[in-house]
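Take a look at the structure below.
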Protein chains: 2
Amino acid sequence: MTSEVLARALNTNPVVVRRLMGGLREHGYVHSEKGHGGGWTLSCQLDQVTLRDIYEALDAPRLFAIGNRSEETECLVEEAVNHAMSSVLTDVKAQFLARFGQITLAALHADFHQKLAERFSGGLT
Amino acid sequence: MTSEVLARALNTNPVVVRRLMGGLREHGYVHSEKGHGGGWTLSCQLDQVTLRDIYEALDAPRLFAIGNRSEETECLVEEAVNHAMSSVLTDVKAQFLARFGQITLAALHADFHQKLAERFSGGLT
DNA sequence: CACTCTAGCAACACATGAAGTTACATGAGA
DNA sequence: TCTCATGTAACTTCATGTGTTGCTAGAGTG
(Lines give C-alpha, C1' and ligand atoms only; values in the text may rest on other atoms or scores of the structure.)
Protein backbone atom coordinates (compact mmCIF):
# COMPACT_ATOMS: atom_id res chain seq x y z
CA MET A 1 0.00 0.00 0.00
CA THR A 2 1.46 3.36 -0.98
CA SER A 3 1.69 6.47 1.19
CA GLU A 4 -0.57 8.09 -1.38
CA VAL A 5 -3.36 5.56 -0.83
CA LEU A 6 -2.93 5.58 2.96
CA ALA A 7 -3.02 9.37 2.98
CA ARG A 8 -6.35 9.40 1.18
CA ALA A 9 -7.78 6.86 3.59
CA LEU A 10 -6.58 8.93 6.55
CA ASN A 11 -7.61 12.26 5.06
CA THR A 12 -4.10 13.57 5.15
CA ASN A 13 -0.94 13.97 3.16
CA PRO A 14 1.48 11.30 1.87
CA VAL A 15 4.41 13.05 3.56
CA VAL A 16 2.65 13.00 6.89
CA VAL A 17 2.08 9.29 6.42
CA ARG A 18 5.76 8.73 5.68
CA ARG A 19 6.75 10.66 8.77
CA LEU A 20 4.54 8.52 10.97
CA MET A 21 5.35 5.24 9.28
CA GLY A 22 9.04 6.04 9.54
CA GLY A 23 8.85 5.50 13.29
CA LEU A 24 7.05 2.19 12.81
CA ARG A 25 9.60 1.06 10.27
CA GLU A 26 12.53 1.74 12.60
CA HIS A 27 10.93 -0.62 15.08
CA GLY A 28 10.30 -3.27 12.43
CA TYR A 29 6.51 -3.12 12.55
CA VAL A 30 6.28 -2.25 8.89
CA HIS A 31 8.53 -2.46 5.88
CA SER A 32 8.82 -0.02 3.01
CA GLU A 33 10.06 -0.37 -0.53
CA LYS A 34 10.96 2.29 -2.99
CA GLY A 35 10.29 2.42 -6.65
CA HIS A 36 7.78 0.88 -8.97
CA GLY A 37 5.44 -1.46 -7.09
CA GLY A 38 6.83 -0.23 -3.81
CA GLY A 39 4.98 0.98 -0.73
CA TRP A 40 4.29 -0.25 2.77
CA THR A 41 3.82 -3.77 4.01
CA LEU A 42 3.06 -5.07 7.46
CA SER A 43 5.94 -6.96 9.03
CA CYS A 44 4.75 -7.91 12.49
CA GLN A 45 2.28 -10.20 14.19
CA LEU A 46 -0.79 -8.19 15.14
CA ASP A 47 -1.07 -9.96 18.46
CA GLN A 48 2.53 -9.13 19.33
CA VAL A 49 2.23 -5.38 18.99
CA THR A 50 0.34 -3.12 21.37
CA LEU A 51 -0.81 0.48 21.27
CA ARG A 52 1.99 1.17 23.71
CA ASP A 53 4.53 -0.11 21.18
CA ILE A 54 3.00 2.17 18.57
CA TYR A 55 3.00 5.11 20.94
CA GLU A 56 6.66 4.60 21.73
CA ALA A 57 7.60 3.96 18.10
CA LEU A 58 6.04 7.33 17.35
CA ASP A 59 8.63 8.83 19.71
CA ALA A 60 6.24 8.94 22.66
CA PRO A 61 4.67 12.31 21.90
CA ARG A 62 3.75 14.52 24.81
CA LEU A 63 0.85 12.93 26.65
CA PHE A 64 -0.40 15.74 28.86
CA ALA A 65 -1.56 19.19 27.90
CA ILE A 66 -0.71 20.47 31.37
CA GLY A 67 2.53 20.44 33.27
CA ASN A 68 5.09 22.49 35.13
CA ARG A 69 5.86 25.92 33.79
CA SER A 70 9.53 25.31 34.47
CA GLU A 71 11.43 22.46 36.02
CA GLU A 72 13.97 24.57 37.85
CA THR A 73 12.69 27.38 39.99
CA GLU A 74 13.75 29.47 42.94
CA CYS A 75 10.16 29.84 44.08
CA LEU A 76 9.36 27.45 46.91
CA VAL A 77 5.63 27.63 46.26
CA GLU A 78 6.09 26.67 42.64
CA GLU A 79 8.47 23.95 43.75
CA ALA A 80 5.86 22.49 46.09
CA VAL A 81 3.21 22.55 43.39
CA ASN A 82 5.57 21.11 40.79
CA HIS A 83 6.45 18.27 43.09
CA ALA A 84 2.83 17.35 43.69
CA MET A 85 1.93 17.63 40.00
CA SER A 86 4.93 15.67 38.77
CA SER A 87 4.21 12.90 41.17
CA VAL A 88 0.63 12.53 39.97
CA LEU A 89 1.46 12.93 36.31
CA THR A 90 4.23 10.35 36.48
CA ASP A 91 1.96 7.78 38.07
CA VAL A 92 -0.91 8.51 35.76
CA LYS A 93 1.34 8.22 32.73
CA ALA A 94 2.53 4.85 33.98
CA GLN A 95 -1.05 3.68 34.17
CA PHE A 96 -1.72 5.00 30.71
CA LEU A 97 1.22 3.03 29.32
CA ALA A 98 0.14 -0.08 31.18
CA ARG A 99 -3.35 0.12 29.70
CA PHE A 100 -2.05 0.80 26.20
CA GLY A 101 0.32 -2.10 26.67
CA GLN A 102 -2.66 -4.42 27.02
CA ILE A 103 -4.33 -3.46 23.77
CA THR A 104 -2.94 -5.41 20.86
CA LEU A 105 -3.48 -4.54 17.24
CA ALA A 106 -5.10 -7.95 16.95
CA ALA A 107 -7.75 -6.81 19.42
CA LEU A 108 -8.44 -3.72 17.37
CA HIS A 109 -8.55 -5.87 14.28
CA ALA A 110 -11.13 -8.14 15.86
CA ASP A 111 -13.17 -5.16 17.01
CA PHE A 112 -13.12 -3.79 13.50
CA HIS A 113 -14.36 -7.07 12.06
CA GLN A 114 -17.16 -7.23 14.58
CA LYS A 115 -18.29 -3.73 13.70
CA LEU A 116 -18.12 -4.69 10.06
CA ALA A 117 -20.32 -7.71 10.63
CA GLU A 118 -22.83 -5.61 12.55
CA ARG A 119 -23.03 -3.10 9.76
CA PHE A 120 -24.10 -5.86 7.36
CA SER A 121 -26.59 -7.52 9.68
CA GLY A 122 -28.95 -4.63 10.27
CA GLY A 123 -27.14 -2.90 13.10
CA LEU A 124 -27.03 0.22 10.98
CA THR A 125 -28.59 3.66 11.30
CA MET B 1 -3.08 41.26 47.25
CA THR B 2 -3.53 42.95 43.91
CA SER B 3 -3.44 41.31 40.48
CA GLU B 4 -0.43 43.50 39.80
CA VAL B 5 1.55 42.05 42.70
CA LEU B 6 0.47 38.49 41.95
CA ALA B 7 1.42 38.92 38.31
CA ARG B 8 4.93 39.96 39.24
CA ALA B 9 5.29 37.00 41.58
CA LEU B 10 4.09 34.64 38.84
CA ASN B 11 6.11 36.29 36.08
CA THR B 12 3.04 37.10 34.09
CA ASN B 13 0.46 39.76 33.42
CA PRO B 14 -2.23 41.19 35.72
CA VAL B 15 -4.94 40.41 33.18
CA VAL B 16 -3.87 36.78 33.03
CA VAL B 17 -4.09 36.66 36.80
CA ARG B 18 -7.61 38.10 36.74
CA ARG B 19 -8.66 35.56 34.15
CA LEU B 20 -7.45 32.68 36.29
CA MET B 21 -8.68 34.10 39.58
CA GLY B 22 -12.08 34.74 38.04
CA GLY B 23 -12.71 31.01 37.97
CA LEU B 24 -11.64 30.66 41.58
CA ARG B 25 -13.88 33.53 42.62
CA GLU B 26 -16.95 31.99 40.99
CA HIS B 27 -16.41 28.96 43.18
CA GLY B 28 -15.92 31.05 46.29
CA TYR B 29 -12.29 30.14 46.89
CA VAL B 30 -11.19 33.75 46.69
CA HIS B 31 -12.86 37.10 46.94
CA SER B 32 -12.07 40.25 45.01
CA GLU B 33 -12.69 43.90 45.69
CA LYS B 34 -12.47 46.81 43.38
CA GLY B 35 -11.13 50.26 44.02
CA HIS B 36 -8.65 51.74 46.35
CA GLY B 37 -7.29 49.14 48.78
CA GLY B 38 -8.97 46.38 46.76
CA GLY B 39 -7.48 43.18 45.45
CA TRP B 40 -7.76 39.48 46.17
CA THR B 41 -8.33 37.75 49.47
CA LEU B 42 -8.51 34.08 50.31
CA SER B 43 -11.99 32.96 51.29
CA CYS B 44 -11.70 29.25 51.89
CA GLN B 45 -10.14 26.81 54.32
CA LEU B 46 -6.94 25.46 52.82
CA ASP B 47 -7.67 21.98 54.06
CA GLN B 48 -11.07 22.00 52.37
CA VAL B 49 -9.87 22.71 48.86
CA THR B 50 -7.97 20.27 46.66
CA LEU B 51 -6.04 20.58 43.43
CA ARG B 52 -9.00 18.90 41.79
CA ASP B 53 -11.26 21.73 42.96
CA ILE B 54 -8.81 24.23 41.51
CA TYR B 55 -8.56 22.29 38.26
CA GLU B 56 -12.31 22.27 37.88
CA ALA B 57 -12.70 25.89 38.93
CA LEU B 58 -10.30 26.71 36.13
CA ASP B 59 -12.85 25.17 33.75
CA ALA B 60 -11.09 21.82 33.62
CA PRO B 61 -8.62 22.66 30.86
CA ARG B 62 -7.75 19.97 28.36
CA LEU B 63 -5.74 17.31 30.17
CA PHE B 64 -4.34 15.22 27.33
CA ALA B 65 -2.25 16.32 24.40
CA ILE B 66 -3.48 13.32 22.41
CA GLY B 67 -6.97 12.22 21.50
CA ASN B 68 -9.35 11.26 18.73
CA ARG B 69 -9.08 13.17 15.50
CA SER B 70 -12.85 13.28 15.32
CA GLU B 71 -15.61 11.86 17.47
CA GLU B 72 -17.94 10.91 14.67
CA THR B 73 -16.56 8.90 11.82
CA GLU B 74 -17.73 6.55 9.11
CA CYS B 75 -14.44 4.69 9.21
CA LEU B 76 -14.74 1.48 11.20
CA VAL B 77 -11.01 1.27 11.81
CA GLU B 78 -10.93 4.76 13.24
CA GLU B 79 -14.00 3.89 15.28
CA ALA B 80 -12.30 0.85 16.78
CA VAL B 81 -9.19 2.86 17.64
CA ASN B 82 -11.25 5.73 19.04
CA HIS B 83 -13.16 3.36 21.23
CA ALA B 84 -10.02 1.84 22.68
CA MET B 85 -8.37 5.23 23.19
CA SER B 86 -11.41 6.87 24.75
CA SER B 87 -11.81 4.03 27.15
CA VAL B 88 -8.24 4.32 28.38
CA LEU B 89 -8.24 8.10 28.45
CA THR B 90 -11.48 8.25 30.39
CA ASP B 91 -10.18 5.86 33.03
CA VAL B 92 -6.83 7.55 33.27
CA LYS B 93 -8.47 10.95 33.62
CA ALA B 94 -10.60 9.58 36.42
CA GLN B 95 -7.49 8.44 38.20
CA PHE B 96 -5.89 11.80 37.66
CA LEU B 97 -8.88 13.55 39.22
CA ALA B 98 -8.91 11.13 42.12
CA ARG B 99 -5.26 11.82 42.85
CA PHE B 100 -5.68 15.57 42.55
CA GLY B 101 -8.71 15.27 44.80
CA GLN B 102 -6.44 14.00 47.57
CA ILE B 103 -4.04 16.90 47.51
CA THR B 104 -5.27 19.78 49.61
CA LEU B 105 -3.91 23.28 49.48
CA ALA B 106 -3.07 22.79 53.14
CA ALA B 107 -0.73 19.97 52.15
CA LEU B 108 1.02 22.19 49.64
CA HIS B 109 1.19 24.90 52.25
CA ALA B 110 2.85 22.54 54.69
CA ASP B 111 5.27 21.34 52.04
CA PHE B 112 6.19 24.92 51.29
CA HIS B 113 6.89 25.65 54.95
CA GLN B 114 9.06 22.60 55.25
CA LYS B 115 11.11 23.64 52.23
CA LEU B 116 11.38 27.10 53.73
CA ALA B 117 12.69 25.70 56.99
CA GLU B 118 15.21 23.56 55.15
CA ARG B 119 16.49 26.53 53.25
CA PHE B 120 17.29 28.29 56.53
CA SER B 121 18.89 25.34 58.24
CA GLY B 122 21.74 24.66 55.84
CA GLY B 123 19.94 22.52 53.30
CA LEU B 124 20.89 25.05 50.66
CA THR B 125 23.09 24.90 47.57
C1' DC C 1 -16.43 66.56 43.06
C1' DA C 2 -12.16 65.24 40.96
C1' DC C 3 -8.54 61.90 41.41
C1' DT C 4 -6.43 57.55 41.96
C1' DC C 5 -6.46 52.74 42.43
C1' DT C 6 -8.48 48.53 41.67
C1' DA C 7 -11.07 44.56 39.17
C1' DG C 8 -13.83 43.19 34.82
C1' DC C 9 -13.87 42.46 30.21
C1' DA C 10 -13.47 42.44 25.21
C1' DA C 11 -10.51 42.57 21.47
C1' DC C 12 -6.27 42.04 19.55
C1' DA C 13 -1.25 40.44 19.12
C1' DC C 14 2.22 37.04 19.86
C1' DA C 15 4.41 32.49 20.66
C1' DT C 16 4.47 27.72 20.33
C1' DG C 17 3.90 23.35 18.38
C1' DA C 18 1.37 20.16 15.43
C1' DA C 19 -0.08 19.32 10.83
C1' DG C 20 0.13 20.04 6.13
C1' DT C 21 2.76 21.28 1.84
C1' DT C 22 6.41 21.86 -1.52
C1' DA C 23 10.56 20.61 -3.61
C1' DC C 24 14.08 17.74 -4.57
C1' DA C 25 17.09 13.57 -3.98
C1' DT C 26 17.36 8.50 -4.15
C1' DG C 27 16.33 3.87 -5.33
C1' DA C 28 13.74 0.26 -7.98
C1' DG C 29 11.30 -1.69 -11.57
C1' DA C 30 9.49 -1.42 -16.61
C1' DT D 1 15.72 6.28 -19.54
C1' DC D 2 11.25 6.88 -17.85
C1' DT D 3 7.98 6.34 -14.20
C1' DC D 4 6.76 5.37 -9.62
C1' DA D 5 7.71 5.04 -5.07
C1' DT D 6 10.01 6.42 -0.48
C1' DG D 7 13.27 9.84 2.27
C1' DT D 8 13.96 14.20 3.90
C1' DA D 9 14.59 19.08 4.56
C1' DA D 10 12.47 23.42 4.51
C1' DC D 11 8.64 26.04 4.52
C1' DT D 12 3.65 27.30 5.34
C1' DT D 13 -0.62 26.99 7.72
C1' DC D 14 -3.53 26.36 11.56
C1' DA D 15 -5.01 25.84 16.36
C1' DT D 16 -4.38 27.03 20.98
C1' DG D 17 -2.71 29.13 24.89
C1' DT D 18 -0.55 33.30 26.62
C1' DG D 19 0.28 38.03 26.80
C1' DT D 20 -1.17 42.92 25.85
C1' DT D 21 -3.91 47.01 25.19
C1' DG D 22 -7.73 49.87 25.93
C1' DC D 23 -11.70 50.84 28.04
C1' DT D 24 -15.56 50.48 31.77
C1' DA D 25 -17.08 50.52 36.40
C1' DG D 26 -16.72 50.54 41.29
C1' DA D 27 -14.48 52.17 45.68
C1' DG D 28 -11.85 54.90 48.62
C1' DT D 29 -9.25 59.69 49.26
C1' DG D 30 -8.46 64.61 49.36
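Just so you know, these numbers use all the heavy atoms, side chains as well, and skip hydrogens, waters and symmetry mates. Here is how names work: the chains are called A, B, and so on, in the same order as the sequence lines, proteins then strands, and each is numbered from 1. Computed from a prediction, not measured in an experiment: that's the story for all the values here.
- Among the nucleotides D:dG17, D:dC4, C:dG20, the one closest to the side chain of A:H36 is D:dC4.
- The shortest distance between the side-chain N/O atoms of B:R69 and the OP1/OP2 oxygens of C:dG20 is below 4.0 Å.
- When the P atom of D:dA5 is taken as reference, atom NE2 of A:H31 falls 15 Å away, rounded to whole Å.
- Heavy-atom contacts from other residues, nucleotides or ligands closer than 6.0 Å to CD of B:Q95 number more than 12.
- Spacing between atom CD1 of B:I66 and atom P of C:dA18 amounts to 12 Å, rounded to whole angstrom units.
- For the pair A:V16/A:R19, a side-chain contact is recorded, criterion being any heavy-atom separation below 4.5 Å from C-beta on.
- The separation between B:L6 atom CG and C:dA7 atom C1' is 12 Å, rounded to whole Å.
- Checking D:dG19, C:dA28, D:dG7 against every side-chain atom of B:N13, the shortest atom distance belongs to D:dG19.
- One interatomic measurement links the two molecules: NZ of A:K34 to P of C:dA30, which rounds to 18 Å at whole-angstrom precision.
- Here C:dA19 presents its C1' atom at 13 Å from CG of A:L10, a figure rounded to the nearest Å.
- For B:T2, whose side chain is taken as the heavy atoms from C-beta onward, the closest listed nucleotide among D:dG17, D:dG19, C:dA7 is C:dA7.
- For A:K115 and B:E79, the salt-bridge test passes: some basic side-chain N is under 4.0 Å from an acidic carboxylate O.
- For DNA chain C, the neighbouring residues in residues 15-22 of chain A, judged by any heavy atom under 4.0 Å, are A:V15, A:V16, A:R19.
- In plain terms, the two heavy atoms of B:L20 and B:L58 that are nearest each other are O-CD1, 3.6 Å.
- The aromatic ring centres of B:Y55 and B:F96 sit less than 6.0 Å apart.
- Rounded to an integer number of Å, the gap from CH2 of B:W40 to P of D:dG26 is 16 Å.
- Rounded to an integer number of Å, the gap from CD of A:E4 to P of D:dT3 is 17 Å.
- Taking only side-chain nitrogens and oxygens, A:S32 never comes nearer than 4.0 Å to OP1 or OP2 of D:dT6.
- With a 4.5 Å cut-off on side-chain heavy atoms, A:V92 and A:F64 count as touching.
- Distance CG (A:L63) to P (C:dA18): 13 Å, rounded to an integer number of Å.
- Using a 4.0 Å heavy-atom distance criterion, A:G39 is classed as a sugar-phosphate-only contact.
- The side-chain heavy atoms of A:C44 and A:H27, taken from C-beta on, include no pair separated by under 4.5 Å.
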